[in-house]
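The structure under discussion appears below in the form of structure tokens.
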Amino acid sequence: MQFKILDLFSGAGGFSKGFDMVPGFTTVVASDFNEPALMTLHKNFPGAKTIFGDITDEKVKQDIVQNAIEANVNMIIGGPPCQGFSNKGKKLGLADPRNFLFLEYLEMVRRLQPEVFVIENVKAMLTAVGGYFIKEIKDQISALGYKMNYAVLTASDYGVPQNRQRAIIIATKHIEVQMPDPTVDKEHRTTVRDAISDLAYLNSGEGEMEAPYQKLAESNYQTMMRAKSGKTLYNHIATSHSKVALDKLAMIPPEKGKEYLPKELWGNQKFKTTWGRLEWDKQSPTIDTRFDTPSNGKNSHPYLDRAITPREAARIQSFPDDFEFVGKKSHITKQIGNAVPPLMGQAIAEAIKRQVK
């Protein structure tokens, strides 16, 4: 079966990239309210129609539906933002205005009747208010005539060098699709070293949007990431840190954290992980949208005095090196931090391909 995908709330296209890595899946339409992210998606999926706009606007909705019908869409994927999964939100449930984007996603399902749809979200969605929200979501999906399965998946189970967890819902018209089994066992999980050791040569403020590789691949993972990129490395630019930040980083030994700083230099951040260095032989914690800032968390290089670069963050998210991010630095860090890791998307696509005939 050929799957023609509509990617809603697409961001830069991490979810689409994962599905695209499996034969039989093609993203043909993508929509988001973030224009720089859509520009990145368009650069990497030149054959996909991109629609910029607010999905709550009926004109934008109609544009998406019309393009999806013309492109023979039979699958929808996406991660609608949800801020309302709290005890306060229980009174209104899915009618909470902060959850309306979830309902917009389901409205697209109603209008387009895809064979399959996949929803990605924060894992709290499944446990919020004692499971109240997931029950509401189940009821809504059942009313649309779909069978669904859901689980929390951990990215490192699928070869991603990161302990990111996400709630995944897979719904189809005819069967309950089983979630993908892990593709790697605990002893063989991809580490930070596997992901970025070949990129350890930039200091603060160094690097370019496009530059030749300076070192050979040092792991199977790096070889896989480089497979289609030729000789050019994109987005490997180190943040230009202030002298204060550089002085602090210089005090922190390889793979350690702010416990090596004098307490008066800890700053106002409440989290233990701020000013933390990544550890070579472990997985990274969740990459977020501010990984370029040492005071944000455990996202400084294992031994160089700088935060990780966008390309290093993309590697930790499992974006291959030929995936090029466009826009200002602040746009690019958001695009990478908000993305679904492509290798996780790939595992989901392979599970669907095996089961949905």
Side-chain angles (χ1 to χ4, degrees), residues 11-19 21 79 120-124 151-168 179-200 217-226 235-236 255 257 271-294 296-304 306-321 323 325 332-350:
F15 219 4
S16 277
K17 184 61 188 173
F19 278 79
M21 295 193 291
E120 173 268 344
N121 220 289
V122 293
K123 70 174 185 174
V152 172
L153 300 186
T154 301
S156 57
D157 284 339
Y158 305 100
V160 182
Q162 182 187 179
N163 290 322
R164 192 184 197 94
Q165 291 190 305
R166 281 296 180 267
I168 300 292
M179 291 289 162
D181 291 325
T183 57
V184 294
D185 57 41
K186 287 188 177 171
E187 286 73 46
H188 297 97
R189 285 180 171 167
T190 311
T191 63
V192 170
R193 188 191 302 276
D194 293 331
I196 64 167
S197 67
D198 62 324
L199 303 179
E218 297 174 354
S219 69
N220 291 336
Y221 183 84
Q222 291 166 23
T223 301
M224 177 174 73
M225 293 290 109
R226 292 176 176 221
N235 306 112
H236 190 36
E255 304 183 75
F271 302 106
K272 285 183 184 171
T273 55
T274 57
W275 294 96
R277 292 185 180 278
L278 292 169
E279 294 175 70
W280 275 130
D281 297 315
K282 294 185 178 178
Q283 288 70 47
S284 164
T286 299
I287 293 289
D288 67 14
T289 59
R290 294 186 58 235
F291 61 77
D292 61 327
T293 309
N296 176 58
K298 191 171 178 172
N299 43 241
S300 290
H301 192 275
Y303 67 85
L304 295 170
R306 59 170 176 78
I308 52 172
T309 69
R311 180 47 55 191
E312 288 166 331
R315 284 266 190 95
I316 291 169
Q317 277 277 55
S318 76
F319 279 98
D321 287 2
F323 197 101
F325 296 88
I332 289 171
T333 57
K334 279 200 180 102
Q335 290 168 28
I336 295 169
N338 285 331
V340 179
L343 283 181
M344 186 194 263
Q346 181 182 17
I348 294 166
E350 284 170 344

Measure the spacing between [atom1] of [X] and [atom2] of [Y] and express it to the nearest 0.5 Å.
X	Y	atom1	atom2	answer
N299	T286	CG	OG1	11.5 Å
I316	T191	CD1	OG1	10.0 Å
L343	M21	CG	CE	5.0 Å
R164	S318	CZ	OG	10.0 Å
S156	M344	OG	CE	8.5 Å
I336	T289	CD1	OG1	11.0 Å

The salt bridge (Lys or Arg N to Asp or Glu O under 4.0 Å) partner of D198 among R193, R315, R311 is R315
Measure the acute angle between the ring planes of Y303 and W280, then classify it against the limits of 30° and 60° as parallel, tilted or perpendicular.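 Y303 and W280: tilted rings.
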Parallel, tilted or perpendicular: rings of F19 and F15 (30°, 60°):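 Rings of F15 and F19: perpendicular, over 60°.
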side-chain contact (heavy atoms from CB on, under 4.5 Å) between I348 and L153: does it pass, once the steps are laid out? CA-CA 10 Å; I348 294 166; L153 300 186; 4.1 Å; yes
Looking at every non-hydrogen atom in both residues, tell me the closest pair between [X] and [Y] and how far apart they are.
X	Y	value
A12	F323	O-CZ, 3.3 Å
T183	Y158	OG1-CA, 3.1 Å
V152	K123	CG2-CB, 3.8 Å
P310	I332	CB-CG2, 3.9 Å
Q222	I196	NE2-N, 4.0 Å
V192	P161	N-CB, 4.4 Å

With no hydrogens and no angle check, just 3.5 Å: does a side-chain donor-acceptor pair link [X] and [Y]?
X	Y	result
T223	N220	no
S197	E218	yes
S284	Q162	no

Inspect the contact between K282 and E255 and indicate whether a charged nitrogen and a carboxylate oxygen are less than 4.0 angstrom apart.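 Not counted as a salt bridge, because no side-chain N and carboxylate O are separated by less than 4.0 Å.
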Under 3.5 Å, side chain of [X] to main-chain N/O of [Y], donor-acceptor pair present?
X	Y	result
Q317	A339	yes
R277	L304	yes
Q165	A155	no

When T274, D288, T333 are each screened for side-chain hydrogen bond (donor to acceptor under 3.5 Å, both in side chains) with N296, the one that passes is D288
For K298, is the NZ atom crowded, meaning more than 12 foreign heavy atoms sit under 6.0 Å from it? yes
Any side-chain heavy-atom pair from [X] and [Y] closer than 4.5 angstrom?
X	Y	result
K17	P320	yes
I287	P341	no
P285	N163	no

